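Keep in mind it's a predicted model, so treat the numbers as computed, not measured.
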Amino acid sequence: MMKTKKLNQKEIVLGLIGLIYAFVLLLVLINAAVASKEWHFYLFFTNESNFYCCIWFLLYGIVAFSPKLVKLRQFVTHAVTMTSVLVYMTVTFLIVAFWLYPIYKGEWIPSLFDDPSTLFTHLLTFVLMVLFYFLVKGTGKVNFVHVIYVLIYPIAYLITVEIVGSCTEWYPYDFLTPSLYGTDAKGIAIFGAVILALVAIFYGIGFGLSKLKHTIDQHHLSTI
């Protein structure tokens with residue numbers, strides 16, 4: 001039989017924070033969806049990555065108060081699970097901070113206060129997920145093969161966006177619009193290179209974070 005873990009004071013504090021933030025973030029996302037009144041609200045990677053973080057915070061809060069949920073705890077705190085969620089949120093942060101509203105152009109800070117949801121979905125969720133990633137000791141290991149699991153969702157997302165876009169002529173981001181690069185062989189090649197670059201970025205961030213996470217856990221720097 002698998003031993004259950006006793007309640008840990010530090011874990012309870014983080015679990016409570018996770019539950020509260022999950023609830024607040026869910027309200028923020030629902031409010032933004034209602035205000036948007038657009039079906040394609042759900043196709044923005046920002047919204048989807050925040051939704052995944054919301055689910056993770058909720059599940060972590062649950063296992064923090066429920067030591068008997070051993071299998072769920074192992075899944076939630078597994079290095080692959082945590083790395084995947086943080087990678088998605090990191091990409092969201094980087095795209096917004098360095099592409100859509102470049103920090104170097106002075107557009108980043110003002111953009112955060114356009115509406116309350118922007119501050120949460122573009123910055124606060126990312127910061128909190130980073131803190132949890134390094135404060136919660138992960139289970140399992142991640143090698144260069146395991147990081148491939150991190151790519152499942154991004155690849156599925158890209159395929160979905162291209163299918164929906166080809167049917168509706170609407171794309172959540174300009175750089176995912178094939179026609180932007182031209183319809184000739186050169187344009188198709190450039191678009192293909194962009195997609196491969198995005199996948200490589202996801203993999204690179206995932207591999208780097210997993211290595212850093214492993215190092216921290218190995219040296220017992222986690223607080224839990």
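Formation of a donor-acceptor pair under 3.5 Å by the Thr92 side chain with backbone atoms of Tyr88 is found in this model. Remark: side-chain polar atoms of Thr177 are not paired, donor with acceptor, to backbone N or O of Tyr171 under 3.5 angstrom.
When the shell of 6.0 Å around OH of Tyr42 is examined, it contains 12 or fewer heavy atoms from other residues, nucleotides or ligands. With a 6.0 Å radius and a threshold of 12 heavy atoms from other residues, nucleotides or ligands, Asp174 has its CG atom at or below the threshold. Atom CZ of Phe51 sits in a sparse spot, with 12 or fewer heavy atoms from other residues, nucleotides or ligands closer than 6.0 Å. Atom CZ of Phe75 sits in a sparse spot, with 12 or fewer heavy atoms from other residues, nucleotides or ligands closer than 6.0 Å.
Val87 and Gly206 make their closest contact through CG2-CA, 3.4 Å (heavy atoms, listed as atom of the first residue, atom of the second, distance). Closest approach of Phe132 and Leu14 over heavy atoms only: CZ-O, 3.3 Å. Pairing each heavy atom of Leu176 with each of Pro178, the nearest pair is O-CD, 3.2 Å. A pairwise comparison of heavy atoms in Phe44 and Pro172 identifies CE2-O, 3.4 Å as the closest pair. Taking every heavy atom of both residues into account, Phe65 and Gly15 meet most closely at CE1-C, 4.0 Å. Here the closest non-hydrogen pair linking Met82 and Gly138 is SD-CA, 4.4 Å.
In this structure Phe126 satisfies the ring pair (Phe, Tyr, Trp, His ring centres under 6.0 Å) test together with Phe93, sequence neighbours excluded. In this structure, the side-chain hydrogen bond (donor to acceptor under 3.5 Å, both in side chains) partners of Tyr153, at least two apart in sequence or on a different chain, are Glu48.
Trp56 places a side-chain heavy atom less than 4.5 Å from the side chain of Thr81. At a threshold of 4.5 Å between non-hydrogen side-chain atoms, the residues Phe23 and Leu27 count as touching. Side-chain atoms of Thr118 and Leu123, non-hydrogen and from C-beta on, never get closer than 4.5 Å to each other. Residues Ile17 and Phe57 have side chains not in contact (no heavy-atom distance under 4.5 Å, counting atoms from C-beta outward). Using a 4.5 Å cut-off on side-chain heavy atoms (C-beta onward), Val136 and Tyr60 make contact.
Between the side chains of Tyr21 and Thr125, at least one donor-acceptor pair of N or O atoms lies under 3.5 Å. Side-chain polar atoms of Tyr149 and Thr83 form no donor-acceptor pair below 3.5 angstrom.
For the ring-ring contact (aromatic ring centres under 6.0 Å, His included) with Phe45, the lone residue among Phe202, Tyr173, Tyr52 that qualifies is Phe202.
If you take CG on Leu119 and CG on Leu124, they are separated by 4.0 Å, rounding to the nearest 0.5 Å. Distance OG/Ser36 to CG/Asn31: 11.0 Å, rounded to 0.5 Å. Taking CG from Leu86 and SG from Cys53, the interatomic distance works out to 7.5 Å, rounded to the nearest 0.5 Å. To the nearest 0.5 Å, the span separating CD1 on Ile62 from CG on Leu19 amounts to 7.0 Å. Distance check, rounded to the nearest 0.5 Å: OG of Ser210 to OH of Tyr133 gives 6.0 Å. A distance of 9.5 Å separates CD of Glu162 from OH of Tyr157, quoted to the nearest 0.5 Å.
Under a hydrophobic-cluster definition in which Ile, Leu, Val, Met, Phe, Trp and Tyr are linked whenever side-chain heavy atoms come within less than 4.5 Å, directly or via other members, Leu198 and Val96 are assigned to the same cluster. Hydrophobic cluster membership differs between Ile188 and Ile195, with clusters built from Ile, Leu, Val, Met, Phe, Trp and Tyr side chains linked at under 4.5 angstrom. Placement of Leu196 and Ile155 in two distinct hydrophobic clusters is found when ILVMFWY residues are connected by side-chain heavy-atom separations under 4.5 Å, directly or transitively. In the hydrophobic clustering of this structure, Leu72 groups with Val85; members are Ile, Leu, Val, Met, Phe, Trp, Tyr whose side-chain heavy atoms approach within less than 4.5 Å, directly or through other members. Hydrophobic clustering (side-chain heavy atoms under 4.5 Å, transitive across Ile, Leu, Val, Met, Phe, Trp, Tyr) keeps Val28 apart from Val34.
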- Query: Would Thr160 and Leu43 satisfy side-chain contact (heavy atoms from CB on, under 4.5 Å), going step by step from the backbone distance to the final call?
  - Reply: CA-CA 9 Å; Thr160 300; Leu43 272 182; 4.2 Å; yes
* Asked: Can you check side chain to side chain donor-acceptor pair (under 3.5 Å) on Thr121 and Thr46, steps first, answer last?
  -> CA-CA 7 Å; Thr121 59; Thr46 294; over 6 Å; no
Handout entry: Derivation of the side-chain contact (heavy atoms from CB on, under 4.5 Å) call for Val147 and Val80
Key = CA-CA 7 Å; Val147 177; Val80 172; over 6 Å; no
| Evaluation steps, side-chain contact (heavy atoms from CB on, under 4.5 Å), between Leu180 and Phe191 | CA-CA 8 Å; Leu180 179 68; Phe191 176 67; over 6 Å; no
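A distance of 6.0 Å or more separates the ring centres of Phe41 and Trp170.
A salt bridge links Arg73 and Glu11; the closest N-O separation between the charged side-chain nitrogens and carboxylate oxygens is under 4.0 Å.
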